[in-house]
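Shown next, in structure tokens, is the structure this report addresses.
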Number of protein chains: 2
Amino acid sequence: MNIGEASERSGLPAKTIRYYEDIDLVAPDRAENGYRDYSLSDVHRLRFLHRARNLGFSIDECRLLLSLYTDRNRASADVKAMAEQRLTEIDAKIQALQSLKAALQPLVDCCHGDERPDCPILDDLAGFHAKRSQAQA
Amino acid sequence: MNIGEASERSGLPAKTIRYYEDIDLVAPDRAENGYRDYSLSDVHRLRFLHRARNLGFSIDECRLLLSLYTDRNRASADVKAMAEQRLTEIDAKIQALQSLKAALQPLVDCCHGDERPDCPILDDLAGFHAKRSQAQA
DNA sequence: GCTAATCCTTCCAGTCGCTGGAAGGTCAAG
DNA sequence: CTTGACCTTCCAGCGACTGGAAGGATTAGC
């Protein structure tokens, strides 16, 4: 099938599919007219990539996951370790975002948000802690 | 002062400070020897940028925040709106990460993680839902 | 058979926010 | 006078695409 259909079936944009070929994640045949010709197995691979990317695995991790997937002798422990590391990263990001929120929320809360120029958010960014700016900095 | 001291005082790497000059976020004087010469006000600006970036504002948002900061006539509502949008984005990212986690965690939990090749994580990526892969896909 | 629309190709450039490195000038200490 | 730290510019690369130009192939309709 042509790239357009492979794109529809895998859910990946054609541009992305060509890019994945560039970086050797997939290697479709070529038809006589030069068009890429995707097999069902190629599409399967693309869907695999689509899912794995959606789960936040990097391209290199996807590459590894694919090789583990096609290696009938690999241990599931290898895959589990990668997934666990992803979970750890996800938790760390959630933590970071929550402390970001904790820093930003009080600033928003105490900013009156009206026509007056006095703004605690800018004051904080400028480094005025626990005071209101009166004069120019 | 030279860039090294400005770097120390602002907490930003010298490379980043030069980059900020490139994109017109800061415009230090030049000494006779061609070295950049930062004033206290420049350092203040850099610290402002450092804080705002740490709160997750994009470079363009920082540019706007700086202009709002130096505009004595701006309304605090403008800044509050930006900060609130940041909070919304933060919440959305937290949500996304949490559903990511919810998708990945059960896969990790049900993967036995041993020497056997059978692996529910790969099965899921390959699109085998609610079964164990027995034959090749 | 002709034309227009759609699909495909390759290649190059841009995104974002830096970061690394090369090649070379300047300055302070010993 | 040399060494080393600091500074300069410029160019390239990161990750993972995405946009667009220029042109070839195919298909549908007239």
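Keep in mind that this is a model prediction, so the values were computed, not measured. What you see below is based on every heavy atom in this structure, not just the backbone, and it leaves out hydrogens, waters and symmetry mates.
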Using the test side-chain contact (heavy atoms from CB on, under 4.5 Å), find all partners of B:Asp22 that sit at least two apart in sequence or belong to another chain. none
dist A:Glu84:CD -> B:Leu107:CG (nearest 0.5 Å) comes out at 12.0 Å
Could you check which residues of residues 1-8 of chain A get a heavy atom under 4.0 Å from DNA chain C? Sort them by number, please. A:Asn2, A:Ile3, A:Gly4
List in chain and number order the residues that pass side-chain contact (heavy atoms from CB on, under 4.5 Å) with B:Tyr19, two or more places apart in sequence or in another chain; answer none if no residue qualifies. B:Ile23
What does the list of N/O pairs under 3.5 Å between the protein and nucleotides 12-16 of chain D look like, with a distance for each?
| unit_1 | atom_1 | unit_2 | atom_2 | d |
| --- | --- | --- | --- | --- |
| D:dA16 | OP2 | A:Ile59 | N | 3.4 |
| D:dA16 | O3' | A:Arg53 | NH2 | 3.4 |

Under the side chain to side chain donor-acceptor pair (under 3.5 Å) rule, collect the residues that match up with B:Arg18, sequence neighbours excluded. none
Do any of residues 82-96 of chain B sit with a heavy atom less than 4.0 Å from DNA chain D, and if so which? none
With B for base contact, S for sugar-phosphate-only contact and - for none (protein heavy atoms under 4.0 Å), nucleotides 22-27 of chain D reads --BBS-
Where do N or O atoms of nucleotides 19-21 of chain D meet protein N or O atoms at under 3.5 Å, pair by pair?
| unit_1 | atom_1 | unit_2 | atom_2 | d |
| --- | --- | --- | --- | --- |
| D:dG19 | N7 | A:Lys15 | NZ | 3.0 |
| D:dG19 | O6 | A:Lys15 | NZ | 2.9 |
| D:dG20 | O6 | A:Lys15 | NZ | 2.2 |

Judged by atom type as modelled, is there a donor-acceptor pair below 3.5 Å linking the side chain of A:Asn2 to the main-chain atoms of A:Gly4? no
How long is the line joining CG of A:Asp24 and P of D:dC17, in whole Å? 15 Å
In whole Å, what is the span from the NE2 atom of A:His50 to the P atom of D:dC17? 10 Å
Under 4.0 angstrom between B:Thr16 side-chain N/O and C:dT19 OP1 or OP2: yes
What residues form a side chain to side chain donor-acceptor pair (under 3.5 Å) with B:Glu89, not counting sequence neighbours? B:Gln85, B:Arg86
Do the side-chain N or O atoms of B:Arg30 get closer than 4.0 angstrom to the phosphate oxygens (OP1, OP2) of C:dT26? no
B:Leu64: side-chain contact (heavy atoms from CB on, under 4.5 Å) partners, not counting sequence neighbours: B:Ser67, B:Leu68, B:Met82
For B:Arg18 and D:dT8, is the shortest distance between a side-chain N/O and OP1 or OP2 below 4.0 Å? yes
Would you please test B:Glu5 and B:Val43 for side-chain contact (heavy atoms from CB on, under 4.5 Å) and show each step? CA-CA 9 Å; B:Glu5 194 180 340; B:Val43 170; over 6 Å; no
Atom CD1 of A:Ile17 and atom P of D:dC17 are separated, to the nearest Å, by 11 Å
Measure the spacing between OG of B:Ser41 and CG of B:Leu46 and express it to the nearest 0.5 Å. 9.5 Å
Joint cluster assignment, A:Tyr35 & A:Ile3, ILVMFWY side-chain distance < 4.5 Å: no
Answer yes or no: does a side-chain N or O of A:Arg36 lie under 4.0 Å from OP1 or OP2 of C:dT9? yes
List the residues meeting side-chain contact (heavy atoms from CB on, under 4.5 Å) with B:Lys101, not counting sequence neighbours, and say none if there are none. A:Leu87, A:Ile90, A:Asp91, B:Gln105
Could you go through A:Leu65 and A:Phe57, starting from their C-alpha distance and side-chain angles, then the distance that decides it, and tell me whether this counts as side-chain contact (heavy atoms from CB on, under 4.5 Å)? CA-CA 9 Å; A:Leu65 283 171; A:Phe57 289 99; 3.8 Å; yes
Which atom names give the shortest non-hydrogen contact between A:Ala52 and A:Cys62, and what distance separates them? CB-SG, 3.7 Å
What pairs meet the salt bridge (Lys or Arg N to Asp or Glu O under 4.0 Å) rule with one or both residues in residues 32-48 of chain B, with sequence neighbours excluded? B:Glu21-B:Arg36
Closest heavy-atom pair, A:Leu55 versus B:Leu100, reported as atoms and distance to 0.1 Å, is CA-CD1, 3.6 Å
Specify the closest pair of heavy atoms between A:Cys119 and A:Cys111, including all atoms of both residues, with the distance to one decimal. SG-SG, 3.9 Å
